[in-house]
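Quick note on labels: first sequence line is chain A, next is B, and so on, each numbered from 1.
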Amino acid sequence: MARFAADAPTRGGFSFDLCQRNEMLLKKGNQLPTFRKTGTTIVGLVFEDGVILGADTRATEGPIVADKNCEKIHYMAPNIYCCGAGTAADTEAVTDMVSSQLQLHRYATGRESRVITALTLLKSHLFSYQGHVSAALVLGGVDITGPHLHTVYPHGSTDTLPFATMGSGSLAAMAVFESKFREGLTRDEGIKLVSEAICSGIFNDLGSGSNVDVCVITRGQTEYLRNHQLPNPRTYVSSRGYNFLKGHTEVLSTKITPLKSKVEAAAEVDAMEE
Amino acid sequence: MDIDLSAPHSMGTTIIGVTYNGGVVLGADSRTSTGMYVANRASDKITQLTDNVYICRSGSAADSQVISDYVRYFLHQHTIQLGQPATVKVAANLVRLLSYQNKNMLQMGVIVGGWDKYEGGKIYSVPLGGTILKQPFAIGGSGSTYLYGFFDQAWKEGMSKDEAEKLVVKAVSLAIARDGASGGVVRTVTINADGVTKNFYTGDSLPLWHEELEPHNSLLDILLASSSPEPMST
């Protein structure tokens with residue numbers, strides 16, 4: 001863990017003690033277990049009334065698609081959402097953690113959360129893990145100071161942009177944005193452009209696929225359009241349907257455990273006393 | 001060659017700080033790269049530390065952003081305790097202390113510049129390792145290698161504000177022409193007794209250097225021809 005001369009001593013967190021041993025094992029020929037990554041195309045743009053976020057829905061484990069319809073747009077606050085690319089566990093964990101911190105902050109201050117707060121919390125967490133928490137995020141929201149869109153990189157650096165893309169499909173999506181984006185898009189134009197950019201990632205990047213999720217955030221209202229587009233329907237579905245009749249599956253063994261139907265309470269119960 | 005999108009965000013960069021008769025002019029390009037991909041083509045590398053002191057950042061984007069945030073925080077406290085604006089010397093030394101004490105972990109080279117009522121306009125360079133150097137002008141970043149000879153010939157003591165700004169813009173533009181890791185727009189910040197002025201110069205307002213061609217059907221033309229007058233604002 002990176003120790004800063006200006007920080008107080010750290011409590012807990014990732015222990016780097018085994019890193020040398022892991023490197024030695026790698027050299028010997030052992031392979032690290034693959035973890036689930038979100039290959040991903042995630043995008044965000046600022047339109048006239050707020051922010052629109054978009055994401056694909058494919059989660060990969062090496063070359064295998066582990067989840068065909070995962071959710072990459074994470075809730076941070078009622079007015080702030082965050083798309084995550086990189087290691088799925090890292091993006092889930094870090095967005096969950098900051099979301100909880102934001103809620104505690106809302107209770108303490110009595111105010112709506114600001115996007116810059118979420119940004120600072122994410123950036124300082126990721127920086128202190130020096131890039132080992134592999135989370136690349138597109139953070140967007142609307143607060144009292146207006147609409148905001150930021151990108152956060154695994155090493156802790158951030159950018160503030162009117163449109164942004166991240167993930168393995170970011171180049172395909174950025175090509176769409178660079179040619180079609182302009183300031184002051186309407187809601188429908190914005191959703192259409194975001195969907196186009198995600199579709200570009202879905203069809204041109206192997207790490208992205210399946211469906212398009214969109215999230216529209218405006219002052220006072222957030223709309224999460226889960227599976228806004230389904231451009232990859234399942235082909236060759238049997239029209240007769242699938243029927244698994246009794247007797248088709250071989251039973252290897254049977255064990256029956258009767259469940260107790262009620263729990264006996266103790267006869268004499270002491271009343272609670274102050 | 002595959003683009004490595006998980007490479008740390010670094011600012012290839014060209015950064016410049018120049019003193020003139022009455023203040024300082026800071027200049028930078030706007031390209032932030034992740035490996036061979038341009039992650040942000042319009043970044044602002046000249047960050048505010050106080051009302052009268054700014055810092056030009058180069059090297060690792062994460063490291064320089066975090067250090068700037070810490071220094072801004074310390075300077076804010078210092079200003080409250082002191083009861084008056086912080087001096088450029090103090091700001092630069094705070095950057096230097098954090099840079100030197102964490103030299104094993106950090107990879108950043110910066111130029112701190114500003115104006116205070118005691119010393120006037122001053123430029124301090126804090127490169128890799130955490131040295132601090134007071135200089136009449138400073139250059140940094142990967143694009144600066146192409147500017148050493150240029151400044152040896154073009155730099156003069158006691159320039160006016162316009163001369164200094166023109167020099168900075170010309171220099172960044174020359175570096176952008178030769179350095180692959182620098183590009184985008186040229187941003188300048190001028191700090192003097194009257195306050196702070198920020199400018200940005202897009203490619204079409206800069207002169208064309210050796211073997212550079214006229215832009216043809218560039219994005220800028222397309223955008224200016226359609227609706228919005230300003231393509232991107234940060």
Other residues, nucleotides, ligands: >12 heavy atoms within 6.0 Å of B:Tyr201 OH: yes
Walk me through it: do A:Met174 and B:Tyr37 pass the test side chain to side chain contact (heavy atoms under 4.5 Å, CB included)? CA-CA 11 Å; A:Met174 186 51 97; B:Tyr37 178 63; 3.5 Å; yes
Under 6.0 Å from the CZ atom of B:Arg96, do we count more than 12 heavy atoms belonging to anything else shown? yes
Does the side chain of A:Glu178 reach to within under 4.5 Å of the side chain of B:Arg41, using non-hydrogen atoms? yes
Output side-chain donor-acceptor pairs under 3.5 Å for residues 83-90 of chain B, partner residues at least two apart or in another chain, one line each.
unit_1, atom_1, unit_2, atom_2, d
B:Gln84, NE2, B:Tyr118, OH, 2.8
B:Thr87, OG1, B:Val90, N, 3.4

Would you mind checking which part of A:Thr120 comes under 4.5 Å of any heavy atom in chain B, side chain (CB onward), backbone (N, CA, C, O), both or neither? neither
Are any non-hydrogen side-chain atoms of B:Asp69 and A:Lys123 less than 4.5 angstrom apart? yes
Are there more than 12 heavy atoms of other residues, nucleotides or ligands under 6.0 Å from atom NE2 of B:His78? yes
If you look at every heavy atom in B:Ala62 and A:Gly156, which pair is closest and at what distance? CB-C, 3.8 Å
A:Ser124 side, atom OG; B:Gln65 side, atom CD - distance, nearest 0.5 Å: 12.0 Å
Neighbour count above 12 (heavy atom, 6.0 Å) for B:Gln107 CD: no
Looking at residues at least two apart in the chain, or sitting in another chain, which of them share a ring pair (Phe, Tyr, Trp, His ring centres under 6.0 Å) with A:Phe177? A:Phe163
Would you compute the distance between atom CZ of A:Phe127 and atom CD1 of B:Ile67 and round it to the nearest 0.5 angstrom? 6.5 Å
Crowded around B:Tyr73 OH? As in, over 12 foreign heavy atoms under 6.0 Å? no
With B:Asn40 as partner, the option from A:Asp159, A:Thr158, A:Thr151 fulfilling side chain to side chain donor-acceptor pair (under 3.5 Å) is A:Asp159
Nearest-0.5 Å distance, CG of residue B:Asp63 to CD of residue A:Gln130: 6.5 Å
